[in-house]
Amino acid sequence: MILLQKELVLITKQAIAAAQAAGTLPEFDIPTTIPLNRPKKAEWGDFSTAAAMQLAKVARRKPLDIANAIAQHLPNSPLLGSHTVTPPGFINYTFDNKWLATQVDAILQTGPAYFDLTLGQGQKAQVEFVSANPTGPLSIGRGRGGVLGDTYANMLEACGYEVTREYYFNNAGKQMDILANSLRVRYLQALGQDEALPDDHYQGEYLADLGKDVAAEVGDSMLESAVGDFLPYAEAAMFKSIKATLARMNIHHDVFFNENSLFESNAVWETLATLDEKGFVYEKDGARWFDVSSFGHEKDPVLVRSNGVPTYRLPDIAYHANKLNRGFDLVVNALGADHKDEFPDVKLGVRALGMDDGKLDVLFNQFVTVKGEKMSTRRGRFTTLDELMDEVGADVVRYFMLMRDANSHLDFDLDLALEQSDKNPVFYVQYAHARLSSVQRKAAEIGLTREGGDIRLLVHESELGLVRKLLELSELLEMAVRDKAPHHLVWYARDLAAAFHTCYRDCRVADADNPDLSRARLKLMEAARIGLAKVLGLMGVGAPTEM
RNA sequence: GCUCACGUAGCUCAGUGGAUAGAGCGCUUGCCUCCGGAGCAAGAAGUCGCAGGUUCGACUCCUGCCGUGAGUACCA
């Protein structure tokens with residue numbers, strides 16, 4: 001819970017105790033949690049508590065009487081300006097206007113870190129996302145997981161976690177063999193050989209291009225080379241392309257973890273042996289199975305196939321054990337809905353190993369479709385992230401990927417994304433940032449800056465409304481992290497931009513006839529700009545100073 | 001069949017067990033001699049899929065049903 005709410009809860013508890021001491025409330029245990037919520041109407045203040053309704057039973061009084069008794073004993077608090085009691089028993093708290101204005105100076109002094117939280121306490125967190133095998137260009141679906149994972153990592157950092165961004169990939173396995181052979185065929189074709197690409201191979205043009213590149217580089221020296229010799233070329237090229245796509249999206253991983261290393265270090269087989277020792281492995285039909293019955297689950301997954309090759313689950317369990325062994329306090333996977341059945345097995349595997357699977361968390365996302373894709377001329381046009389970014393730009397892609405609850409299907413509205421107008425929510429928010437920047441430039445032209453501004457002059461309803469909206473960022477961040485719901489950022493960014501536009505409309509900032517007020521308002525503009533840039537930064541969307 | 005999501009304004013979607021359910025788009029109506037009108041203000045628009053239950057209080061939690069989507073491999 002953030003400081004603001006802690007303070008309000010604290011004074012509410014103190015008031016209850018004081019009312020009891022004064023005899024206006026009977027003796028009862030003061031509840032440890034006091035409900036606090038944002039009221040829907042401005043007239044009900046900034047925060048409300050329904051504590052009196054909850055206490056009605058234990059106090060044996062009407063909620064309204066309890067609320068009045070509590071309100072009468074509320075101690076003074078610098079941030080509390082006034083309070084009211086409304087039926088059926090709400091106590092409404094309104095911030096003090098002077099205190100609100102002081103937060104402008106506080107934001108300027110602390111900078112973007114003003115909005116940060118400390119709930120991570122310097123703990124180590126790891127977020128794994130994208131994790132596509134390097135077999136081709138990234139799809140739009142991977143893009144959503146990538147944006148969600150990266151944004152969640154940003155949010156954790158703002159909460160005080162030390163975050164590692166990780167990409168897990170498999171560079172052995174059947175799919176990579178097919179990739180290598182696809183390249184081999186393309187290479188032979190590039191040299192004029194009459195070689196056909198099998199139907200189950202990768203058909204994309206990108207491999208034909210790569211085949212030509214390899215031919216240009218090594219000539220005909222690989223005519224007789226084995227399939228495996230083509231793998232390094234294919235893998236390197238695919239990763240280069242994937243990393244370039246991710247970089248365009250403002251995504252950068254700290255660690256690229258190779259599944260194969262778990263085999264080389266023998267971790268996979270050691271994991272199997274440990275599970276076996278603990279009695280979780282049995283053999284049936286020549287395969288080795290993971291017995292999850294003791295955890296109350298029914299479907300036992302296969303760990304090792306009857307041909308002796310592990311399924312992906314075994315290395316996945318070994319990988320997550322590896323993560324925990326690296327000392328992460330929190331491990332989050334951003335996964336597509338197609339992994340919903342697998343992740344519980346991984347958690348159980350880690351638990352079976354005797355480790356704390358409570359540290360493992362997951363952020364699932366539903367799939368992405370492109371609105372209009374099925375229409376005639378556009379069919380199949382926007383299948384890769386790069387193509388989508390070519391069309392609408394990285395900022396729009398990130399913003400749109402974040403707009404919906406991750407649990408909901410996302411229908412990417414291409415027409416709206418292409419709209420360079422007020423209809424496009426990205427431009428609305430970015431325009432606010434540009435305007436916040438431009439008004440400060442404009443003021444400077446007539447010799448006005450925020451230096452020496454007196455925030456006590458900020459008394460207009462719209463000014464204080466903007467400050468209030470800025471103060472919501474921290475609690476919103478807390479909620480979005482807790483619920484693993486990055487989409488809240490998008491809605492907040494829109495609200496903050498709107499609060500600014502209203503203020504801008506009502507309050508002239510750069511006014512040569514009112515230099516003192518101008519300086520105070522310039523402080524507010526910069527505080528708002530810092531806040532807006534903070535949200536955009538969390539979303540990984542650019543904050544332009546002009547458009 | 002089973003598992004997991006999602007059903008909220010004409011459309012796209014927000015909504016932390018609290019009060020008279022919100023925003024954008026679209027529609028209607030105002031606002032630039034003035035810092036970026038890519039903006040602001042106001043209005044119309046709702047059986048929160050249906051039916052029960054828990055609770056002082058349910059869009060929110062539980063159960064059932066209906067609808068939509070995804071997953072149900074010795075693929076990843």
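Numbers restart at 1 for each chain; the letters A, B, ... are given by sequence-line order, proteins then strands. Keep in mind that the numbers below use all heavy atoms, side chains included, and drop hydrogens, waters and symmetry copies.
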Tabulate atom names and distances for all N/O pairs under 3.5 angstrom spanning the protein and nucleotides 17-19 of chain B.
{"from": "B:A19", "atom 1": "OP1", "to": "A:K40", "atom 2": "NZ", "distance (Å)": "3.3"}
{"from": "B:A19", "atom 1": "OP2", "to": "A:K40", "atom 2": "NZ", "distance (Å)": "2.2"}
{"from": "B:A19", "atom 1": "N6", "to": "A:S48", "atom 2": "OG", "distance (Å)": "2.5"}
{"from": "B:A19", "atom 1": "N6", "to": "A:N92", "atom 2": "OD1", "distance (Å)": "2.9"}
{"from": "B:A19", "atom 1": "N1", "to": "A:T86", "atom 2": "OG1", "distance (Å)": "3.1"}
{"from": "B:A19", "atom 1": "N1", "to": "A:N92", "atom 2": "OD1", "distance (Å)": "3.3"}

Can a side chain N or O of [X] be found less than 4.0 Å away from OP1 or OP2 on [N]?
{"X": "A:K57", "N": "B:C56", "answer": "yes"}
{"X": "A:S438", "N": "B:G36", "answer": "yes"}
{"X": "A:H487", "N": "B:G15", "answer": "yes"}

Let's see if you can work this out: which of [options] has an atom nearest to the side-chain heavy atoms of [X]?
{"X": "A:R482", "options": "B:U16, B:A14, B:A76", "result": "B:U16"}
{"X": "A:Q366", "options": "B:A38, B:A70, B:C40", "result": "B:A70"}
{"X": "A:W491", "options": "B:C13, B:C56, B:G39", "result": "B:C13"}
{"X": "A:A287", "options": "B:A70, B:C13, B:C74", "result": "B:C74"}
{"X": "A:M547", "options": "B:G36, B:A76, B:C13", "result": "B:G36"}

Look at [X] together with [Y] and state whether they make a salt bridge at an N to O cut-off of under 4.0 Å.
{"X": "A:E166", "Y": "A:K323", "answer": "no"}
{"X": "A:K62", "Y": "A:D65", "answer": "no"}
{"X": "A:D276", "Y": "A:R288", "answer": "yes"}
{"X": "A:R313", "Y": "A:E342", "answer": "no"}

Separation of B:A14 atom C1' from A:L410 atom CG, nearest Å, is 15 Å

If each of A:K284 and A:R508 is mapped to the nucleotide of RNA chain B with the nearest heavy atom, which maps nearer the 5' terminus, i.e. the 5' end?
A:R508

Upstream residue (5' side of RNA chain B) when A:N407 and A:A510 are each assigned their closest nucleotide:
A:N407

Which part of the nucleic acid, if any, lies within reach of A:F364 when heavy atoms closer than 4.0 Å are counted: base, sugar-phosphate only, or nothing?
nothing

Over all strands shown, is A:T502 touching base, sugar-phosphate only, or nothing at heavy-atom distances under 4.0 angstrom?
sugar-phosphate

Ignoring hydrogens and angles, does a donor from either the side chain of A:R505 or the base of B:C31 sit under 3.5 Å from an acceptor on the other?
yes

Based on Watson-Crick and G-U pairs with both distances under 3.5 Å, what dot-bracket line describes RNA chain B 5' to 3', crossing pairs as [ ] and inter-strand pairs as |?
(((((((..((((....[...)))).(((((.......))))).....(((((..]....))))))))))))....

Can you confirm if the NZ or CZ of A:K340 lies within 45° of the ring axis of A:F364 and under 6.0 Å from the centre of its six-membered ring?
yes

Going by salt bridge (charged side-chain N to carboxylate O under 4.0 Å, His left out), A:E475 matches just one of A:R482, A:R38, A:K469, A:R468. Which one?
A:R38

Spacing of the C1' atoms in B:A23 and B:A5 (rounded, Å):
24 Å

Tell me, do A:F290 and A:F280 make a side-chain contact under 4.5 Å, heavy atoms counted?
yes

